[in-house]
Amino acid sequence: MPLTPYAQKLCLDWLCRGATPTQPPARFLSWATATPTATSAFDGPFTPLRVTAKFAAANSPAGSASNNTAISATVSGVAAFTAKGVNIWDGSPTGTRLLYGGIADLGCKSGDNPVFSVGALMVTIA
Amino acid sequence: MPNLTEASEKLLLDWVLNGATPTRPPGCWVGLSLGTPTSRTGSEVQAASGYLRQTCTFGAANSPAGTASNANPMTFGPFSFSTAVQGVLIFDTSAINAGTMLWQGTLQTARTVLSGDTVNISAGALTCGLS
């Protein structure tokens with residue numbers, strides 16, 4: 001799950017001590033209607049647009065971290081669409097994107113509640 | 001992610017995702033590796049050869065390039081006997097064989113230093129990247 005350029009700089013500055021970055025204050029997840037890229041989030045029509053995402057301590061040496069609470073939202077205002085990715089942000093409804101990645105196509109229609117159950121969203125930076 | 005060690009992957013994941021409260025590395029010290037380092041281990045050159053880890057200060061990272069480079073030059077040696085060097089290691093501690101390895105990588109060209117030689121890394125020549 002790639003880091004955005006913004007998060008790459010945060011991480012490099014923190015680890016290498018080239019600057020004093022501020023730790024992202026929170027983490028929110030959004031679903032995307034296309035596979036997100038480093039420059040485009042493609043956020044989908046959800047209510048709320050972003051939902052809180054909480055993670056457990058990372059595993060090592062696996063180099064991954066997973067959500068420790070379920071993450072869900074409600075699709076609204078569209079007949080149907082396909083979720084193709086997710087983004088993780090440091091704020092909601094504004095803020096800056098930290099990570100992004102593709103997921104298996106997930107068909108959604110208004111009223112649906114797509115969910116990541118506990119442990120289902122695994123983040124790696126390898 | 002190229003060249004991060006397993007230890008630093010966990011540090012960064014915990015820091016970005018706040019799943020734990022990692023301790024920020026207190027500094028960076030660069031070392032040399034006899035063999036090709038991995039994300040877990042590096043076969044560090046030993047002090048008997050005249051080698052010491054060198055303090056490394058990084059500039060602020062570039063964005064969107066996603067890289068950070070050393071701001072200070074570093075000199076290893078002079079070496080007291082011939083030594084083949086293949087990799088570079090970055091640790092959070094100055095003492096040889098101690099601390100946590102944060103980054104690892106191979107030299108673009110492996111070097112065999114002779115007695116009396118030094119290995120020099122110019123300012124800006126060592127780049128760490130996350131892109």
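Note that the structure is predicted; figures quoted are calculated from it, not measured. For the numbers below, each heavy atom of this structure counts, side chains included, while hydrogens, waters and symmetry mates do not. So that the names make sense, note that chain A is the first sequence line, chain B the second, and so on, each numbered from 1.
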For chain B, which residues of residues 22-33 of chain A have at least one non-hydrogen atom nearer than 4.5 Å to it?
A/Thr22, A/Gln23, A/Pro24, A/Arg27

Looking at B/Ala68, B/Ser39, B/Pro25, which has the largest count of heavy-atom pairs under 4.5 Å with chain A?
B/Pro25

Partner chain A: residue of B/Leu13, B/Leu17, B/Ile90 with the largest heavy-atom pair count (under 4.5 Å)
B/Leu17

Of the listed A/Gln8, A/Lys9, A/Lys54, the one with the largest count of heavy-atom pairs under 4.5 Å with chain B is A/Gln8

Report which part of A/Leu99 has an atom under 4.5 Å of a heavy atom belonging to chain B: side chain, backbone, both, or neither.
side chain

To the nearest 0.5 Å, tell me how far A/Leu121 CG sits from A/Met1 CE.
5.5 Å

Using non-hydrogen atoms only, which part of A/Leu15 is less than 4.5 Å away from chain B: side chain, backbone, both, or neither?
both

Here the pair of heavy atoms bringing B/Pro37 nearest to B/Gln104 is O-OE1, 3.3 Å

Regarding A/Asn113 and A/Thr74, do their side chains bring together a donor and an acceptor under 3.5 Å, going by distance alone?
yes

Segment of B/Pro26 engaging chain A (4.5 angstrom heavy-atom cut-off):
backbone

Give, as side chain, backbone, both or neither, the part of A/Ala56 having an atom under 4.5 angstrom from any heavy atom of chain B.
backbone

Walk me through whether B/Arg53 and B/Phe76 qualify under side-chain contact (heavy atoms from CB on, under 4.5 Å).
CA-CA 8 Å; B/Arg53 291 182 187 173; B/Phe76 298 89; 5.6 Å; no

Segment of B/Thr67 engaging chain A (4.5 angstrom heavy-atom cut-off)
backbone

Take A/Phe116 and A/Ile103 through the test side-chain contact (heavy atoms from CB on, under 4.5 Å) and record every step on the way to the result.
CA-CA 11 Å; A/Phe116 283 102; A/Ile103 60 172; 4.3 Å; yes

With no hydrogens and no angle check, just 3.5 Å: does a side-chain donor-acceptor pair link B/Ser80 and B/Ser115?
no

Below 4.5 Å from any heavy atom of chain B, which atoms of A/Pro2 appear? Answer side chain, backbone, both or neither.
neither

Assess whether atom CZ of B/Arg24 is packed by more than 12 heavy atoms of other residues, nucleotides or ligands within 6.0 Å.
yes

Among B/Ser8, B/Ala20, B/Ala60, which residue has the highest count of heavy-atom pairs closer than 4.5 Å to chain A?
B/Ala60

So, taking the atom named OH in B/Tyr51 and the one named CZ in B/Phe79, what distance separates them when rounded to the nearest 0.5 Å?
8.0 Å

Give a yes or no on whether B/Ile96 and B/Leu32 share a hydrophobic cluster (residues Ile, Leu, Val, Met, Phe, Trp, Tyr; joining criterion: side-chain heavy atoms under 4.5 Å apart).
yes

If we count only N and O atoms by modelled type, under 3.5 Å, do the side chains of B/Gln86 and B/Ser33 hold a donor and an acceptor together?
no

Which of A/Ala38, A/Pro61, A/Cys11, A/Ala19 touches chain B most, by non-hydrogen pairs under 4.5 Å
A/Pro61

Side chain to side chain donor-acceptor pair (under 3.5 Å) partner of A/Arg97, chosen from A/Thr4, A/Asn87, A/Asp90, A/Asp43
A/Asn87

Quick one about B/Ser94 and B/Trp29 (side-chain donor to acceptor, distance below 3.5 Å, no hydrogens or angles considered), yes or no?
no

Max heavy-atom pair count under 4.5 Å with chain B, selected residue of A/Pro5, A/Ala7, A/Cys16:
A/Cys16

